[in-house]
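Chain letters run A, B, ... following the sequence lines, proteins first, then strands; residues in each count from 1.
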Protein chains: 2
Amino acid sequence: MHIKYYPFFGNLANPLKIRIVGELKQNEMSVLDLADKLNEEQSKISHALKSLKNCSIVEMRQSGKKRIYSLNKETILPILDILDKHESKFCKKCKAKFRL
Amino acid sequence: MHIKYYPFFGNLANPLKIRIVGELKQNEMSVLDLADKLNEEQSKISHALKSLKNCSIVEMRQSGKKRIYSLNKETILPILDILDKHESKFCKKCKAKFRL
DNA sequence: TATAAATATGAATATTTATTCATATGTATA
DNA sequence: TATACATATGAATAAATATTCATATTTATA
């Protein structure tokens, strides 16, 4: 059994990081764009992006003096989709209500 | 965007809990069976199972004086499958090597 | 090439999460 | 119905993770 999935899931287990995923699901954007959108400090975003990138949940490209981050949709969208189904099927009365 | 996926992922982000998932992927079993198999203390297993159950990652049925836990394969197997693909495609040189 | 803009980094602290251990609760059966 | 077996629980502690803030790097341009 693969047991070291957990660094990957650890990223998705974090409120800020999952919010970043949510934003990048809509549009790729720079670090400061994310900081603005999410109303969080720049260094916080940078730290979060670093670990997301370590697990290939996001990708980065340089564009001028900005770094544009984008979501690895191939992996992440199907996972979120499964979670939506899971929620509606198994979490009717779920304690940890999954909604924002 | 659903932001409260993270209690769910938090479970998969934990080494013990993912080992439990690994065992239950093979066979359903009781708390003490798991404790034996994984060589961990019973209460540790119970605590872990409780939060896995809260997110419907595992199910439980009573059988005599034992409680038999089983994996929610419908949700979990596809997720693990996506992770396997992700690993082989994106994590060739990944820091957090995903293998046991 | 000095400067500003954009991002990253490190280390201290704070917060969250897990572990431990003693004990309580539930379940069957002698 | 007393006892053993199986599991759960609570609270203290330990460990892992995130946040903060000051500062270092990186990148483009005046």
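Within residues 29-38 of chain B, no residue is approached by DNA chain C to less than 4.0 Å at the level of any non-hydrogen atom. The stretch residues 59-70 of chain A comes close to DNA chain D through Q62(A), G64(A), K65(A), R67(A), each having a heavy atom under 4.0 Å from the strand.
A donor-acceptor pair under 3.5 Å is formed between the side chain of N72(A) and the backbone N or O of E74(A). Proximity of a side-chain donor or acceptor of S88(B) to a complementary backbone N or O of K85(B) within less than 3.5 Å is detected.
With sequence neighbours excluded, no residue forms a side chain to side chain donor-acceptor pair (under 3.5 Å) with S70(B). Every residue two or more places apart in sequence or in another chain that forms a side chain to side chain contact (heavy atoms under 4.5 Å, CB included) with K17(A) is listed here: N11(A), N14(A), A48(A), S51(A), L52(A).
The distance from the NZ atom of K25(B) to the CZ atom of R19(B) is 15.5 Å, given to the nearest 0.5 Å. The structure places NE2 of H86(A) at 11.0 Å from NZ of K89(A), a figure rounded to the nearest 0.5 Å. Here I20(A) contributes atom CD1 and E40(A) contributes atom CD; the two are 8.5 Å apart, rounded to the nearest 0.5 Å.
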Name the atoms and distances for all side-chain donor-acceptor pairs under 3.5 Å in residues 57-65 of chain A, with sequence neighbours left out.
from   : atom 1 : to     : atom 2 : distance (Å)
R61(A) : NH2    : E28(A) : OE2    : 2.4
Q62(A) : OE1    : R67(A) : NE     : 3.1
Q62(A) : NE2    : G64(A) : O      : 3.3

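For Q42(A) and dA8(C), a side-chain-to-base donor-acceptor distance below 3.5 Å is present, hydrogens and geometry of angles not being considered.
Of all heavy-atom pairs spanning P15(B) and Y6(A), the tightest one is CG-CZ, 3.7 Å.
When side chains are defined from C-beta on, I79(A) counts as touching L83(B), because their heavy atoms get closer than 4.5 Å.
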B/S/- along nucleotides 16-21 of chain C (protein heavy atoms under 4.0 Å) is --SSBB
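The distance from atom NZ of K50(B) to atom C1' of dT25(C) is 13 Å, rounded to the nearest whole Å.
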